[in-house]
2 protein chains.
Amino acid sequence: MARSTADGGPEFLSGTLEMLILRTLEAEELHGYGIARAIEAASGARLSIEEGSLYPALHRLEKRGDVRPEWKVSPTNRRARYYSLTQQGKKHLKKTTTAWLDVSAAVNRVLGLVPANQPTLGRAEAT
Amino acid sequence: MARSTADGGPEFLSGTLEMLILRTLEAEELHGYGIARAIEAASGARLSIEEGSLYPALHRLEKRGDVRPEWKVSPTNRRARYYSLTQQGKKHLKKTTTAWLDVSAAVNRVLGLVPANQPTLGRAEAT
DNA sequence: CTTGCATACCTAGATTGTCTTGGTATGCTT
DNA sequence: AAGCATACCAAGACAATCTAGGTATGCAAG
């Protein structure tokens, strides 16, 4: 998906790209190139979106019916394929986000980093 | 890696498995089967570790020098391959954990779940 | 004693998402 | 006219996971 801008390799987060795309489109209708820039900006330049991952992901989402494409002219006066979220896409985003929070919280729990007040099977953590 | 116990598919977190293994071994020396059970327990039964992912991951870590294996007899009286963390493994765990926190925080920022431009782990952000 | 189950290990092959690399094209700016 | 940012796309390599098998043992139940 996204790689950290820090290290050189693909790290973590296979599958997050689609979620991030959907989330970005929830905020505003955008074309692929713009989505990539928007995600990078929103991440505080910590993620970089490769086009070789981006476009296949967009086509998957389109085929799945989560986004709807439309050719338009961008503010820079170029032909660009603008994507908008479908109802299904919105639902999918909500579901996926919940799953992400759930799983990433589970990972943090295993790492022993749980930000307190999370009741986890009576596993008390020593300070 | 781990799949959420909730949904049926491999979701998120490619690459997290190795980190979770290392973290588990930091707590105690363990064999593969036990590692899987330990991670599942620590996650509050939210993750499930597939053996087809687990053993290849252990062998990667071993080849990389992050863990050291040793045949022993388990409390259940069976031959079992116990793994312990090497110094390199400890270092790797620390590095990987930082990367995970960094990237997952970035994802949350894109999702809009975290106020933008918040310093993560002391990594200051210019404004 | 034999059936069944949990423990414990392993691999081959399919699948999937990402990355690498290359390509096309256009609109500005210099 | 050259160079750059914008904007799109695909083929093939690569890496981690999952599927689906397999082996073997200790123990408890019948």
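This is a predicted model, so every value here is computed, not measured. All chains are named by letter (A, B, ...) in the order of the sequence lines, taking the proteins before the strands, and each is independently numbered beginning at 1.
- The side chain of A:Tyr83 lies closest to D:dC9 when the candidates are C:dT7, D:dC9, D:dG26.
- In this structure, B:Gly52 reaches the bases: a heavy-atom distance under 4.0 Å links it to at least one base atom across the strands shown.
- For B:Arg78 and D:dT23, the shortest distance from a side-chain N or O to OP1 or OP2 is not below 4.0 Å.
- Proximity of B:His59 to the phosphate of C:dT11: a side-chain N or O atom is located under 4.0 Å from OP1 or OP2.
- Considering only side-chain N and O atoms, A:Asn77 lies under 4.0 angstrom from the phosphate OP1 or OP2 of C:dC28.
- Phosphate proximity of D:dA16 to B:Ser53: absent, as no side-chain N or O sits under 4.0 Å from OP1 or OP2.
- Contact annotation: A:Tyr55 side-chain N/O to D:dC9 OP1/OP2 distance is not under 4.0 Å.
- Distances shown here put a side-chain N or O of A:Thr76 below 4.0 Å from the OP1 or OP2 atom of D:dA7.
- Taking only side-chain nitrogens and oxygens, A:Ser74 comes nearer than 4.0 Å to OP1 or OP2 of D:dA7.
- Using cut-offs of 30° and 60° on the angle between ring planes, the pair A:Tyr55 and A:His59 is tilted.
- Across all strands, B:Glu18 comes closer than 4.0 Å to no nucleic acid atom at all (heavy-atom distances).
- Straight-line distance from the CZ atom of B:Arg81 to the P atom of D:dT25: 17 Å, rounded to whole Å.
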